Amino acid sequence: MGLNARVQDGWPKFGLARIQWEGPWLKAGVPIAARYRQTHWVAAQILEHRDRADEVRIFDVNAIRETGGIVTLAQWSEQLVPWLTKNYVPRADGGWHITHAIEVERS
C-alpha cells in the first residue's frame, strides 16, 4: 500500500494539520522562528454524512487519557485548546488557525 500526500488549505479529509497558536509572536517584526515555536500538529479526518453536516474528527495526543485521542472539532476547540494554551502556551490569546494541512491519500 502506497501513500500520496498533498498540502491543502483547511482541514484535510484524512491527514495532518499544523496549528498556529495566536499571540504576541504573530505581531509584525517578530522573528518567524518565534511563530514556529508556538505550533501544534494534529491528525484530522472529515466524516461525510448524507443527512447532516460533515464532521471533523481530530486525533490529538494530549487527549489520549480521556478519549483515546480522538475528539470532535467542538471538543477540541472548546475544551482541549483552552487547556493546552493555558498550560503550555501561556501568552496565547486563545486564537488559532491552520497553517498547513497535508492530505494523505490511501491507495
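Model, not experiment: these values are computed from the prediction.
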Acceptor/donor pairs from residues 24-39 side chains to any protein atom, 3.5 angstrom cut, sequence neighbours excluded:
from: W25; atom 1: NE1; to: W21; atom 2: O; distance (Å): 2.6
from: R35; atom 1: NH2; to: L26; atom 2: O; distance (Å): 3.2
from: T39; atom 1: OG1; to: Y36; atom 2: O; distance (Å): 3.0

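- Applying the ring pair (Phe, Tyr, Trp, His ring centres under 6.0 Å) test to pairs two or more places apart or on separate chains, those with a residue in residues 71-95 are W76-W96, W83-Y88.
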### Query
What do the steps show when you test D60 against L84 for side-chain contact (heavy atoms from CB on, under 4.5 Å), and what is the final call?
CA-CA 11 Å; D60 190 314; L84 282 171; 3.9 Å; yes
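- Remark: E55 pairs with H49, R57 by the side chain to side chain donor-acceptor pair (under 3.5 Å) rule, at least two apart or across chains.
- For T67, there are no side chain to side chain donor-acceptor pair (under 3.5 Å) partners at least two apart in sequence or on another chain.
- Between the side chain of Q75 and the backbone N or O of L80 there is no donor-acceptor pair closer than 3.5 Å.
- For E103 against F14, the heavy-atom pair with the smallest separation is OE2-N, 3.2 Å.
- Contact of the I64 side chain with the F59 side chain is registered, since non-hydrogen atoms from C-beta on lie closer than 4.5 Å.
- Within the structure, salt bridge (charged side-chain N to carboxylate O under 4.0 Å, His left out) contacts touching residues 64-85 (residues at least two apart or in different chains) do not occur.
- Qualifying side chain to side chain donor-acceptor pair (under 3.5 Å) partners for Q20, counting only residues two or more places apart in sequence or in other chains: none.
- Closest approach of P12 to I102, counting heavy atoms only: CB-O, 3.7 Å.
- No path of Ile, Leu, Val, Met, Phe, Trp and Tyr side chains, each step under 4.5 Å between heavy atoms, connects L47 with I70, placing them in separate hydrophobic clusters.
- The closest side-chain heavy-atom distance from W11 to I46 is below 4.5 Å.
- Between A17 and I98, the shortest heavy-atom distance links the atoms CB-CG2, 4.4 Å.
- Between the side chain of E22 and the main chain of G94, no donor-acceptor pair closer than 3.5 Å is present.
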### Task
Please test I58 against V56 for side-chain contact (heavy atoms from CB on, under 4.5 Å), starting from the C-alpha separation and ending with a verdict.
CA-CA 7 Å; I58 296 174; V56 178; 4.1 Å; yes
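- Separating the OG1 atom in T85 from the CD1 atom in I19 is a distance of 12.5 Å, to the nearest 0.5 Å.
- V71 and A63 make their closest contact through CG1-CB, 4.2 Å (heavy atoms, listed as atom of the first residue, atom of the second, distance).
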